[in-house]
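The structure under discussion appears below in the form of structure tokens.
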Protein chains: 2
Amino acid sequence: MSLKHGLLGLLNYGSMTGYELDKAFKDSLSFFWQAKNSQIYRELDAMERCGWLTSERVIQNQKPNKRVYSITDSGKEELTNWLSSPESDIADAMRIRSAFLMRVFFAGERSIDQSLEMLRTYREQCTESSKGMSAAQDIISEYGAVVGDDRKAEYWKLVALYGEVFYDASLNWADKAIALLEEMKR
Amino acid sequence: MSLKHGLLGLLNYGSMTGYELDKAFKDSLSFFWQAKNSQIYRELDAMERCGWLTSERVIQNQKPNKRVYSITDSGKEELTNWLSSPESDIADAMRIRSAFLMRVFFAGERSIDQSLEMLRTYREQCTESSKGMSAAQDIISEYGAVVGDDRKAEYWKLVALYGEVFYDASLNWADKAIALLEEMKR
DNA sequence: TTAATCATGTAACACGTTACATGATTGC
DNA sequence: GCAATCATGTAACGTGTTACATGATTAA
């Protein structure tokens with residue numbers, strides 16, 4: 001149910017259209033959760049039906065009409081309840097799900113050179129992603145200063161810091177893996 | 001399509017029933033990919049229909065009858081092709097998907113103490129998981145020695161090493177996060 | 001006697017992805 | 001003239017989860 005709660009969290013900052021939510025999602029939550037607009041619209045529909053949101057149609061001329069969603073008291077309550085019971089998501093965070101690791105697992109079925117190539121590509125991507133997360137923290141700091149909510153910005157930065165730590169660890173692992181395979185070649 | 005390829009990889013080691021595949025999956029691939037038996041049976045069905053597998057019914061007395069699956073040449077080809085084009089899974093490995101981080105993102109909506117409690121639970125879980133992955137490497141070493149396939153065992157250990165590195169990095173992040181929140185309280 | 005192991009599945013639902021449709025306005 | 005932005009969605013499909021059903025054998 002994380003998509004629903006992500007949307008609730010964003011709407012708790014202020015009312016928005018589905019289109020704006022999609023963009024807000026991409027600009028903030030997409031570091032750790034991804035969603036397509038088709039799914040967002042579907043979930044908004046379901047959330048409205050269960051009373052967490054209300055929507056009103058706004059007629060615009062020279063632009064397509066839009067539907068503005070607002071969180072209800074029931075929605076705020078749901079958000080609070082969700083934030084108060086993190087157990088299942090902590091358990092979930094202990095699960096790794098990676099098709100890439102499945103390839104490493106079966107790497108014995110092909111040549112060492114092919115595996116090395118894969119690992120080197122992976123390594124490069126980790127480097128880039130780590131840089132991106134490092135940059136994100138600076139952007140969040142600036143943004144936090146502009147909107148004057150340093151406290152919230154600290155949490156946002158923590159999330160980006162997790163990203164950096166994660167990609168750095170993956171990078172270090174890749175280096176070890178590459179070294180091991182090079183050793184195996186001799 | 002990772003579940004399909006995981007099953008192909010296991011069947012490439014030798015023919016098995018759905019039940020045995022389920023157990024083999026839990027004992028090896030489940031560190032980085034999870035699947036329920038209901039899904040495994042469904043996928044086996046689909047894979048047989050597309051010619052990657054064949055199955056034969058074995059009648060047993062005093063035990064339920066069983067269906068033994070074997071990989072076909074077409075299935076082996078598919079496995080090889082899959083192993084040769086890892087690009088999309090490398091890209092996928094760069095994506096973080098974590099409901100737990102969503103909670104950290106929205107942690108500004110509740111008390112610091114509540115967040116601290118969540119992070120401490122998370123931290124404990126990381127410690128345990130890291131130990132589990134460390135132990136897994138020893139078990140794999142022994143197992144590799146027994147079955148006499150050290151080369152494959154090296155890759156399996158690499159996967160477990162990734163797990164250890166991942167949980168250790170998460171743990172270090174949690175420590176930083178906890179320190180930051182304790183600072184915020186003052 | 002109770003739980004675990006062996007062994008197969010079905011049905012329904014939840015969540016995620018891909019592809020498509022519409023159509024005006026604005027900036028390069 | 002072409003791409004991007006604004007703004008909404010539908011349809012179909014793919015993947016993952018939950019709950020259930022069956023029924024014999026074996027070990028605690």
Side-chain angles (χ1 to χ4, degrees), chain A residues 1-8 15-27 29-30 32-50 52-53 55-69 82 88-89 91-92 95-99 102, chain B residues 1-8 15-27 29-30 32-50 52-53 55-69 82 88-89 91-92 95-99 102:
Chain A
M1 302 264 285
S2 286
L3 176 52
K4 284 190 177 73
H5 293 103
L7 294 170
L8 274 183
S15 298
M16 273 182 269
T17 67
Y19 185 77
E20 286 165 336
L21 274 165
D22 185 36
K23 280 195 300 171
F25 214 98
K26 275 190 183 45
D27 291 341
L29 312 190
S30 71
F32 53 83
W33 202 269
Q34 302 82 38
K36 313 278 172 182
N37 70 345
S38 53
Q39 203 190 350
I40 289 174
Y41 283 114
R42 187 171 59 185
E43 292 302 316
L44 285 172
D45 225 61
M47 289 160 78
E48 189 172 6
R49 265 185 276 115
C50 87
W52 296 350
L53 310 176
S55 74
E56 50 170 340
R57 192 111 214 159
V58 176
I59 312 298
Q60 301 187 114
N61 48 351
Q62 302 191 308
K63 276 186 190 176
N65 295 340
K66 61 185 180 181
R67 183 180 291 277
V68 178
Y69 292 91
W82 175 72
S88 66
D89 284 342
D92 200 77
R95 286 209 208 169
I96 296 172
R97 190 175 196 85
S98 166
M102 190 175 278
Chain B
M1 301 261 286
S2 286
L3 176 53
K4 284 189 177 72
H5 293 103
L7 294 170
L8 274 183
S15 298
M16 272 182 270
T17 66
Y19 185 77
E20 286 166 336
L21 275 164
D22 185 36
K23 280 194 300 172
F25 215 97
K26 274 187 186 46
D27 291 341
L29 312 190
S30 71
F32 51 84
W33 202 271
Q34 302 83 38
K36 313 279 173 181
N37 71 345
S38 55
Q39 203 189 351
I40 288 173
Y41 283 114
R42 186 171 61 187
E43 292 303 316
L44 285 172
D45 223 62
M47 289 160 79
E48 189 171 8
R49 265 186 274 115
C50 90
W52 296 351
L53 309 177
S55 74
E56 49 170 341
R57 192 112 213 160
V58 176
I59 311 298
Q60 301 187 115
N61 48 350
Q62 303 191 307
K63 275 187 191 175
N65 295 339
K66 58 186 182 181
R67 183 179 291 279
V68 178
Y69 291 91
W82 174 71
S88 65
D89 284 342
D92 200 76
R95 285 209 209 170
I96 297 171
R97 191 176 194 85
S98 166
M102 191 175 277

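Scope of the values below: all heavy atoms of this structure, side chains included, with no hydrogens, waters or symmetry mates. Sequence lines set the chain letters: A, B, ... in the order given, protein chains first and strands last, and positions in each chain run from 1.
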### Task
Look at all strands and tell whether A/K66 reaches a base, only sugar-phosphate, or nothing, counting heavy atoms closer than 4.0 Å.
sugar-phosphate
### Query
Which part of the nucleic acid does A/R67 contact within heavy-atom distance under 4.0 Å: base, sugar-phosphate only, or nothing?
sugar-phosphate
### Message
Please report the distance, rounded to the nearest Å, between NZ in B/K26 and C1' in C/dC6.
### Response
14 Å
### Query
So what does A/Q60 hit on the nucleic acid, given a heavy-atom distance under 4.0 Å: a base, only sugar-phosphate, or nothing?
sugar-phosphate
### Message
Counting the atoms with a prime plus P, OP1 and OP2 as sugar-phosphate, which does B/Q62 contact under 4.0 Å by heavy atoms, base, sugar-phosphate, or nothing?
### Response
sugar-phosphate
### Query
How far does NZ of B/K4 sit from CD1 of B/I40, to the nearest 0.5 angstrom?
12.5 Å
### Query
Taking the side chain from B/Q34 and the backbone from B/S30, do they hold a donor-acceptor pair closer than 3.5 Å?
yes
### Closest to side chain of B/S38, choosing from D/dA19, C/dA19, C/dG23
D/dA19
#### Entry: Nearest-nucleotide comparison on DNA chain C, the residue closer to the 5′ end among A/P64 and B/N65
B/N65
## Note on the structure
In this structure, CH2 of A/W82 is separated from CE of B/M102 (nearest 0.5 Å) by 6.0 Å
### Query
What is the distance, rounded to the nearest whole Å, between atom OH of B/Y41 and atom P of C/dA12?
21 Å
#### Entry: C/dG16 base / A/R42 side chain donor-acceptor hit below 3.5 Å
yes
### Message
Side chains of A/L53 and A/L8, heavy atoms from C-beta outward: is any pair under 4.5 Å?
### Response
yes
### Summary
In whole angstroms, the gap separating P of D/dG16 from CG of B/L29 amounts to 13 Å
### C/dT8 base / B/T17 side chain donor-acceptor hit below 3.5 Å
no
### Task
Whole angstrom is fine here: how far is it from NZ in A/K63 over to P in D/dT8?
11 Å
### Message
Output the rounded distance in Å from CD1 (A/I59) to P (D/dC6).
### Response
19 Å
### Query
Nearest to the side chain of A/Y19, which nucleotide is it out of D/dG9, C/dG16, D/dA7?
D/dA7
### Message
Check the phosphate of C/dC6 against B/K23, side-chain N and O only, distance under 4.0 Å to OP1 or OP2. Yes or no?
### Response
yes
### Query
In degrees, rounded to 10°, what is the bend between the two ends of the helix from C/dT1-D/dA28 to C/dC28-D/dG1, using five pairs at each?
50°
### Task
Mind checking B/N37 for me? I need base, sugar-phosphate or nothing, with any heavy atom below 4.0 Å counting as a touch.
base
### Query
What integer distance in Å separates A/Q39:CD from D/dT10:C1'?
15 Å
## Note on the structure
Rounded to whole Å, the CD-C1' distance (A/E43 to D/dT8) equals 17 Å
### Task
Could you tell me the separation between the CD atom of A/E20 and the C1' atom of D/dA7, rounded to a whole number of Å?
10 Å
### Message
Rounded to the nearest 0.5 Å, what separates atom CE in A/M1 from atom CG in A/D89?
### Response
11.0 Å
### Query
Once you round to the nearest 0.5 Å, how far does OG1 of A/T17 lie from OH of A/Y41?
6.0 Å
### Query
Of B/G18 and B/R95, whose nearest nucleotide on DNA chain C comes first from the 5' end?
B/G18
### Query
Could one point to a donor on the side chain of B/R97 or the base of C/dG16 with an acceptor on the other under 3.5 Å away?
no
### Task
Would you give the length of the straight line joining atom CZ of B/R97 to atom CZ of A/F32, rounded to the nearest 0.5 angstrom?
11.0 Å
### Task
Please answer whether the main-chain N or O of B/L3 pairs with a side-chain N or O of B/E43 as donor and acceptor at a distance below 3.5 Å.
no
